[in-house]
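Being a predicted model, the structure only gives us computed values, none of them experimental. All heavy atoms count here, side chains included; hydrogens, waters and symmetry mates do not.
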2 protein chains.
Amino acid sequence: MGTPQLTKNQSLVMGALAHSDGPMSAYTILDKLRDHGFRAPLQVYRALDKLLEYGLVHRLESLNAFVACTCPQDHDHEHGVTAFTICEGCGQVTEFHDEAIEQRLSTLVRAQSFKTEKTTIEIRGHCKSCA
Amino acid sequence: MGTPQLTKNQSLVMGALAHSDGPMSAYTILDKLRDHGFRAPLQVYRALDKLLEYGLVHRLESLNAFVACTCPQDHDHEHGVTAFTICEGCGQVTEFHDEAIEQRLSTLVRAQSFKTEKTTIEIRGHCKSCA
DNA sequence: ATCGCCATGTAATGTTATTACATCAATTGC
DNA sequence: GCAATTGATGTAATAACATTACATGGCGAT
């Protein structure tokens, strides 16, 4: 299967996120895309839904915002749990992945007989430059 | 120092959360407390801010909702990173803590020279009963 | 008593997300 | 060809979540 061809709206939203230096809210994306014919929030949310589904974009729950996936690898296969550091100073977001955490969480959740669908790990704080 | 005496509004909000069987949004809390004189969202948000600060309540970022802390231990000293499983079926939220994850995250974040202020770990899925 | 501090009350507004309904284009099956 | 289906889109309205701004009231300390 793989990631399908993006539609026009999906490409525009993806482009906006990819060229941004940080996370963007849906409404910020909307504003950026007014010139390209975007008029309503739903146009953004619909595109984001698909991009999230394809794994091209991540949602930052603690920010109600979205970032392009920075993972170099293919998006076709799962790349497990994604975690983020989020700097309160400069807004910089860094994505990372760790097998050890993933396994440990898996063990703990299994002990509850809980079936994981989506895992959110977000660390708010200050980056090296903003410490 | 320890947790200060709660004010009237803080007690009401704490009570609402403690007696609920699951997470509540700020507006749900507001509705529950109309009979006790609550009229505006701010009354709830102000109380929540303090309760969060005291560690009596947790915010679930992926739900925009709040739960009473179920941690049996004293709230006076830090009890590190808090993680949650959240069942999409029944809404049940389970709080847990794990030293191994805490240490591993600490190591990874340190490698970035990042200074953690708050860590969010939320696992959405289905509990044993709702699988 | 006056000041400062903090909790409170109220209204208005800002921000994020969804529902509902209509239209349009591409594809499929007859 | 031409319904029927499916998926993307457009638009408006509304719902849900959160904050700003400003006024008031209680209470302890000087």
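- Partners of B/A68 according to the side-chain contact (heavy atoms from CB on, under 4.5 Å) rule, which considers only residues two or more places apart in sequence or in another chain, are B/M14, B/L17.
- Residues A/K32 and A/I29 are not in side-chain contact: their nearest non-hydrogen atoms beyond the backbone lie 4.5 Å or more apart.
- Evaluation of the salt bridge (charged side-chain N to carboxylate O under 4.0 Å, His left out) rule for A/R124 yields A/E88 as partners, not counting sequence neighbours.
- Proximity of the aromatic rings of B/F66 and B/H58 is defined here by a centroid distance below 6.0 angstrom, and this criterion is not met.
- Contacts of B/R104 classified as side-chain contact (heavy atoms from CB on, under 4.5 Å), with partners at least two apart in sequence or in another chain: A/D98, A/A100, A/I101, B/T107, B/L108.
- One can place CG of A/L30 at 15 Å from C1' of C/dT18, the figure rounded to the nearest angstrom.
- Near-neighbour residues of DNA chain C inside residues 58-67 of chain B, defined by a heavy atom below 4.0 Å, are absent.
- Note: OH (A/Y45) to P (D/dC17) measures 13 Å, nearest angstrom.
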Could you go through residues 109-119 of chain B and list every donor-acceptor pair under 3.5 Å that involves a side-chain atom there, pairing it with any protein atom two or more places apart or in another chain?
{"residue": "B/Q112", "atom": "OE1", "partner": "A/T85", "partner atom": "OG1", "Å": "2.9"}
{"residue": "B/E117", "atom": "OE1", "partner": "A/H126", "partner atom": "ND1", "Å": "3.2"}
{"residue": "B/E117", "atom": "OE2", "partner": "A/H126", "partner atom": "ND1", "Å": "2.9"}

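- The side-chain contact (heavy atoms from CB on, under 4.5 Å) search around A/T28 returns A/M24, A/S25, not counting sequence neighbours.
- Each salt bridge (Lys or Arg N to Asp or Glu O under 4.0 Å) pair with one or both residues in residues 45-56 of chain B, not counting sequence neighbours, appears once here: B/K50-B/E53.
- A straight line from CG of B/L48 to C1' of C/dT8 spans 15 Å, rounded to a whole angstrom.
- For B/E102, the side-chain contact (heavy atoms from CB on, under 4.5 Å) partners at least two apart in sequence or on another chain are B/V81, B/E99.
- A salt bridge (Lys or Arg N to Asp or Glu O under 4.0 Å) check over residues 54-67 of chain A, counting only residues at least two apart or in different chains, returns the pairs A/R59-A/E61.
- Rounded to whole Å, atom C1' of D/dA18 lies 13 Å from atom CD1 of B/I29.
- For B/F96, the ring-ring contact (aromatic ring centres under 6.0 Å, His included) criterion is met by no residue, not counting sequence neighbours.
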Exercise. Once each nucleotide of nucleotides 8-15 of chain D is scored for protein heavy atoms under 4.0 Å, what B/S/- sequence comes out, 5' to 3'?
Worked result: SBBB----
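- Taking atom CG of A/D49 as the reference point, atom C1' of C/dT16 lies 14 Å away to the nearest angstrom.
- To the nearest angstrom, P of C/dC6 lies 11 Å from CD of B/E53.
- Less than 4.0 Å separates DNA chain C from no heavy atom of any residue of residues 116-125 of chain B.
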